[in-house]
Amino acid sequence: MIFGPDLTAIREAAKNQVMRFFVAQAESDGTPATLRALYVMKAAEAEKVLAGGSSPLIEGEAAMRDVAPVVLAQTISDMAKQSADLELARMQANVDIENAGSEADVVKILNKFGLLLEISQ
């Protein structure tokens, strides 16, 4: 007889905790969500420039900063990659949780991030 939540519920609770952990990491710089959305759009524009295309947004900012558009685009792309690395780490944690064979395994994964398993019932 099982008295606590099943492993599926434990995994879901753990993935939610990991998601909150990584969101907090991403937001630790204090950037408001609306501005962060603009940065996402700016990163997409930077990739256009790096692929040989043009972007009025990147070209306009580059002119204001007196740098070449490709230099600014590379800087923006490099900054965006830092966020991508964080997302890859979050996804790896989710995969590890999904593959965990027991509650103890889930707890070990959470402990890597300084988290304790929290299950609301």
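Being a predicted model, the structure only gives us computed values, none of them experimental.
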Under the side-chain contact (heavy atoms from CB on, under 4.5 Å) rule, collect the residues that match up with Val40, sequence neighbours excluded.
none

Is there a chain of hydrophobic side chains (I, L, V, M, F, W, Y, each step under 4.5 Å between heavy atoms) that links Val18 to Val23?
no

Contacts table for residues 63-76: side-chain donor-acceptor under 3.5 angstrom, sequence neighbours left out:
unit_1 : atom_1 : unit_2 : atom_2 : d
Arg65  : NE     : Glu61  : OE2    : 2.7
Arg65  : NH2    : Glu61  : OE2    : 3.3
Gln74  : NE2    : Asp78  : OD1    : 2.9
Thr75  : OG1    : Val71  : O      : 3.1

What ring-ring contact (aromatic ring centres under 6.0 Å, His included) pairs are there with at least one residue in residues 75-104, not counting sequence neighbours?
none

Distance (rounded to the nearest 0.5 Å) between Asn16 CG and Ile119 CD1
11.0 Å

Going by chain and number, the hydrophobic cluster around Leu38 (ILVMFWY, side chain to side chain under 4.5 Å) further includes Leu35, Tyr39, Met41, Leu57

Extract all donor-acceptor atom pairs below 3.5 Å that involve side chains of residues 108-117 and protein atoms in other chains or at least two apart in sequence.
unit_1 : atom_1 : unit_2 : atom_2 : d
Asn111 : ND2    : Val107 : O      : 3.3

Rounding to 0.5 Å, atoms CD1 (Ile97) and CD1 (Ile10) come to a distance of 11.5 Å

What are the two closest non-hydrogen atoms of Leu7 and Ala100, and how far apart are they?
CD2-O, 3.8 Å

Qualifying salt bridge (Lys or Arg N to Asp or Glu O under 4.0 Å) pairs, either residue in residues 9-24, two or more places apart:
Glu12-Lys15, Lys15-Glu98

Nearest 0.5 Å please: distance from the CZ atom of Phe21 over to the CZ atom of Arg90.
12.5 Å

Can you see which heavy atom on Ser77 is nearest to which on Leu50, and at what distance?
CB-CD1, 3.6 Å

Give a yes or no on whether the backbone of Ser54 and the side-chain of Glu59 come within a donor-acceptor separation of less than 3.5 Å.
no

Exercise: identify the closest heavy-atom pair between Glu45 and Ser55:
OE1-OG, 2.7 Å

